[in-house]
There are 2 protein chains.
Amino acid sequence: MAPASKREQPPEPAGPGGCNGSTRRRPPLSRSAVLEAGIDYVDQHGLGELSMRRLGAFLQVEGMSLYRYVRSREELLDAMVDRVMDQLYADPSVLLGPGDDWDDFLRRIATGVRRVAHTHPQLFPLVATRHPAAPWIRPPLRSLRWVEGFLSGLLARGFSDEAAIYAYRAFGSFLVGRLLVDVAAAGVSPGKTVAQAEQVTSGQSPDSPVEHLHGTEVDLQAFPTITRLADKLAVEDLGDEFDDALETLITRVDRARRALT
Amino acid sequence: MAPASKREQPPEPAGPGGCNGSTRRRPPLSRSAVLEAGIDYVDQHGLGELSMRRLGAFLQVEGMSLYRYVRSREELLDAMVDRVMDQLYADPSVLLGPGDDWDDFLRRIATGVRRVAHTHPQLFPLVATRHPAAPWIRPPLRSLRWVEGFLSGLLARGFSDEAAIYAYRAFGSFLVGRLLVDVAAAGVSPGKTVAQAEQVTSGQSPDSPVEHLHGTEVDLQAFPTITRLADKLAVEDLGDEFDDALETLITRVDRARRALT
DNA sequence: CCCGGGCTCTTACGGTGTAAGGGAAGAGGC
DNA sequence: GCCTCTTCCCTTACACCGTAAGAGCCCGGG
């Protein structure tokens, strides 16, 4: 236990010639600051490393202080997710101009959400996974503003109710599927995954109590197709496929737009 | 703390006229049993309730004993996920007959994975979210057996390497997106979500330090489109849309099959 | 000057993952 | 019979977690 970590001198913990003086060193800690720090922290250290005390230390504050701005850790996570997606709402490259067609609208949102996923690869699984606040909200467009904006944007461009809802669902599923699989394969806790997969056929006595401790310790000779295609399977850049799939989705939405009423 | 719970008499804890005698009361605890119990526990109580000690109690065992069969909690979760998906591999309704066409193959796997998602709604997010053991494995088909089976199954039916890989990625993303969004909207911790959304406009003083404590407390008057379409948006049964989208995916895969070499 | 209210810190409690070793129950040899 | 060895499970212990309750500091208004 090390509770007396750095709490001796309140005004000056780090740096010999620091810029103290009259200005207080720490920005005054608001809900926005807490949320932003949480997002930064998860981006840097991963979701599993986020605890209230550690986030407090990250903000040079005592952990319990965060509860002034956040009801609980769960609510913190929800708010972080909402914040990340709502930043997207204010993005000028995503915002819809009055003359834009509906397909441009979809393309803009798609690339915006894609950018969010790749900017916050550790956080994006939560965007897809956390329970939405209302039953008619579906990931990844998780706020009322987004749902309203999406639906009314399409309705104003000639979509029927049914077609707009169809597009809402198809679009959300498309984004979640594509981006989550991208992110799960790529921006994960570094090294561990590949290292674990590479320690193949470590000599283990077969009468060990563990039946097959982790499936990856079989050697790859039993899987010739994987072995042969390993290079092509490991491709990281899926941008082209994303764009292709997006265009296919848009034509599908277009067909629904004309078919539904 | 109650450590002396029921450890006094080893052979007989519950029931006055129980069926004891020579047979020991508890099945002897194997890795399979631990995994199966973990899956059951998560299905019943949700992922957040799973702890090593509670799972131990569920198995009438002391918590630490689980570490004989599982390296850590993380590995337990991975193994549970793998097990759920590998059960699918043994499912006779999913297995491919020699005369089946490739599109039947895809339909069988899709409905199988869909059934898994709806059978284990609390666990399925992990299937989509956990980091795969190798960089060329992508959710939800997370085992080497599955990847090998999928690819070789398509290759044996005339797919080129590129077309098979394309199908592998498109199919995985499709399943993850559709099923994850279904599951996130439906089989969640019961009641809490809707209740939270319904406590609208609880009178809160506007100068509270919380900026907007949770976004759902605004009333819906500002969102007319959502209000008007709420009924249609809340639809739970997305089976038809799943099937339609699956057929669309199959035609897209077919086009790729013919186009790629 | 005091003082009151908003932030932050302190303390505390039960729960969590897991490292390390102890002890009982059965298997096998003599 | 006994003795030993292996296998399995339990006990203890530690650092850390989320969070409830209240104490203390600091700053602005009178």
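In what follows, every chain begins at residue 1, and chains take the letters A, B, ... in the order their sequences are listed.
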Any donor-acceptor pair, under 3.5 Å, between the side chain of R53(B) and the base of dG17(C), if you only look at N and O atoms? yes

Nearest-angstrom distance from the residue atom OH of Y69(A) to C1' of dT19(D): 17 Å

Nucleotide dC17(D), atom C1' - distance to CG of L76(A) in whole Å: 14 Å

Tell me every residue that passes side chain to side chain contact (heavy atoms under 4.5 Å, CB included) with A37(B), counting only those two or more places apart in sequence or in another chain. L55(B), F58(B), L59(B)

Rounded distance in Å - CD (E75(B)) to P (dG17(C)): 15 Å

Taking DNA chain C as the partner, which of residues 41-52 of chain B come within under 4.0 angstrom of it by heavy atom? S51(B), M52(B)

Contacts of W136(A) meeting ring-ring contact (aromatic ring centres under 6.0 Å, His included) (sequence neighbours excluded), chain-then-number -> none

Under the ring-ring contact (aromatic ring centres under 6.0 Å, His included) test, which residues partner H118(B), sequence neighbours left out? none

Using whole Å, what does the distance between atom P of nucleotide dC9(C) and atom CD of E62(A) come to? 5 Å

In R73(A), R130(A), R83(A), R71(A), the residue satisfying salt bridge (charged side-chain N to carboxylate O under 4.0 Å, His left out) with D78(A) is R130(A)

Residues in side chain to side chain contact (heavy atoms under 4.5 Å, CB included) contact with T227(A), at least two apart in sequence or another chain: L220(A)

V183(A), I39(A), V42(A) screened by side chain to side chain contact (heavy atoms under 4.5 Å, CB included) with Q122(A), the one that passes: V42(A)

Calculate the interatomic distance between R73(A) atom CZ and dC17(D) atom P; express it in whole Å. 10 Å

S72(A) or S65(B), whichever maps to the more 5' nucleotide of DNA chain D: S65(B)

Counting side-chain heavy atoms from CB outward, which of dG17(C), dT16(C), dC9(C) is closest to Y67(B)? dG17(C)

Between N or O atoms, less than 3.5 Å apart, protein on one side and nucleotides 21-25 of chain D on the other: list the pairs.
none

If you apply the rule side chain to side chain contact (heavy atoms under 4.5 Å, CB included), what do you find for R114(B) with D182(B), and how did you get there? CA-CA 10 Å; R114(B) 185 169 134 89; D182(B) 275 21; 3.9 Å; yes

Full working for side chain to side chain contact (heavy atoms under 4.5 Å, CB included) between L180(A) and F124(A): CA-CA 7 Å; L180(A) 203 58; F124(A) 191 76; 4.0 Å; yes

With a 4.0 Å cutoff (strictly under), does any side-chain N or O of R54(B) reach OP1 or OP2 of dG15(C)? no

Please state how far atom CG in L66(A) lies from atom C1' in dA20(D), giving the value in whole angstrom units. 15 Å

In whole angstroms, the gap separating P of dC9(C) from CD of Q60(A) amounts to 10 Å

Interatomic distance where CG belongs to L59(A) and P belongs to dC9(C) [whole Å]: 11 Å

